[in-house]
Amino acid sequence: MNAFFDMHVHSKFSIDGVSTMEDYCLIAEKSGIRAICFTEHVDFNSEEKNLSIVKDNRKQNFVVEDYFSELNRLREKYSSIILLSGIEFSEPNMFPDEFALYSSYPFDCITAGIHHCYNSVFPGAGNLSVSKAIHEYYQIMQKAIEFGGFQVMAHLDFPKLFFDKWIINNDVLDTILSTMINKNILLEVNTSSLNNPCDEPMPSYFIINRYVELGGNKIVIGSDAHSSDRLANHFKDVIPRLPNCIQIGYFREKEFIPVIIN
Ligand SMILES: [Zn+2]
Ligand SMILES: [Zn+2]
């Protein structure tokens, strides 16, 4: 049995999820995956300026009561798996009231993600230069981290999937990582980039190593699966390449719990 704890999974409660929560439980039961955190999208960003459209994303957000009712049903049925509740909230600093509302629900873990910038949504920077796009992305991320109130920052170099040259300035990187460490916001190691022709997780190993150099000592790992066949995908490849001193864990009731990976 492996002791994988997948802290970033989307079920059909997310607009782009294709598997039910129960689909994931069935896979976890078969493969011995110990824990799943259903981090469903919560997204209030509405303007896709470069595309000249205004979307009302809030209508796509899941019904929290239905989510907990299904999760509690599965917790009883699949008692050998640790089923954790969570959200992946886009740009929390831009939506303080909405973020406060979601924070009042009993989620085990709140993950923040930067998904909307460049005056548009990923992928692509619209008519911005790559350097401007990088600047804007990390400016939003820094503000989100300073705003705080969440446990984990998702996929720190996510836009590298969409650009040939994605270079982060060392000072910008250090400021982001140091602010995270000071505010006790954990770095996520997101393995979904390995589904693409990319041999690095998000963030890349040099950023994970820098996080450790600056004093970061805890991480969570997430597959960012949107279908159950991707649960804990690539964990086997990535975990042995992480710095030895780093503690992998999960969140329950917003408390970090370290785990031993076999
Ligand atoms: Zn995301
Ligand atoms: Zn995600």
Side-chain angles (χ1 to χ4, degrees), residues 4-21 23-24 35-46 48 55 57-58 60-62 67 71 84-95 98-99 102 107-118 120-125 133 136-138 140-141 143-145 147 150-163 166 176 180 185-196 198 200-204 207 219-235 238 250-251:
F4 291 164
F5 290 68
D6 194 335
M7 282 302 291
H8 190 153
V9 166
H10 297 274
S11 77
K12 278 190 169 177
F13 282 99
S14 292
I15 185 72
D16 51 359
V18 300
S19 302
T20 63
M21 284 180 172
D23 293 335
Y24 284 101
I36 306 169
C37 186
F38 292 104
T39 49
E40 311 296 355
H41 286 298
V42 179
D43 191 353
F44 288 94
N45 235 335
S46 56
E48 314 292 16
K55 289 200 299 190
N57 283 334
R58 68 194 59 217
Q60 300 177 348
N61 291 332
F62 64 94
Y67 169 95
L71 190 62
L84 301 162
S85 59
I87 48 174
E88 182 182 17
F89 198 105
S90 296
E91 302 89 35
N93 52 307
M94 294 183 186
F95 305 94
E98 291 84 351
F99 186 71
Y102 277 84
F107 291 111
D108 289 301
C109 181
I110 300 181
T111 294
I114 309 305
H115 297 107
H116 303 77
C117 64
Y118 321 143
S120 182
V121 68
F122 291 131
E136 186 168 335
Y137 177 79
Y138 285 112
I140 297 172
M141 182 174 286
K143 282 185 190 154
I145 292 165
F147 177 78
F150 50 90
Q151 284 68 55
V152 175
M153 188 73 234
H155 45 63
L156 195 128
D157 58 0
F158 175 50
K160 74 180 173 188
L161 301 180
F162 309 113
F163 299 94
W166 179 259
I176 284 178
M180 283 171 61
I185 293 170
L186 264 59
L187 186 70
E188 173 199 72
V189 175
N190 185 307
T191 61
S192 66
S193 48
L194 284 101
N195 301 327
N196 297 298
C198 178
E200 298 256 355
M202 296 182 290
S204 297
I207 296 179
I219 52 157
V220 297
I221 308 183
S223 66
D224 213 344
H226 286 66
S227 62
S228 57
D229 58 318
R230 297 230 158 134
L231 182 63
N233 216 15
H234 306 294
F235 279 29
V238 169
Y250 66 98
F251 279 91

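Order of listing sets the numbers, starting from 1, for every ligand and every atom in it.
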Worksheet item: With distance as the sole criterion, is a donor-acceptor pair present between the side chains of Lys160 and Ser204 under 3.5 Å?
Response: yes
Discussion item. I need the protein N, O or S atoms closer than 2.8 Å to the Zn ion (ligand 1), given as residue plus atom name.
Written reply: Glu88 OE2, His115 NE2, His155 NE2
Discussion item. In terms of relative ring orientation, are Tyr102 and Phe89 parallel, tilted or perpendicular, with 30° and 60° separating the classes?
Written reply: perpendicular
Worksheet entry | Shortest non-hydrogen contact from Leu156 toward Met141 | O-CE, 3.7 Å
Item to complete: Output all residues satisfying side chain to side chain donor-acceptor pair (under 3.5 Å) with Asp108, sequence neighbours left out; order by chain, then residue number.
Response: Arg75, Ser85
Discussion item. Is it the case that the ring center of Tyr67 lies less than 6.0 angstrom away from the ring center of Phe38?
Written reply: no
Discussion item. Can you tell me how the ring of His10 sits relative to the ring of His226, calling it parallel under 30°, perpendicular over 60° and tilted otherwise?
Written reply: parallel
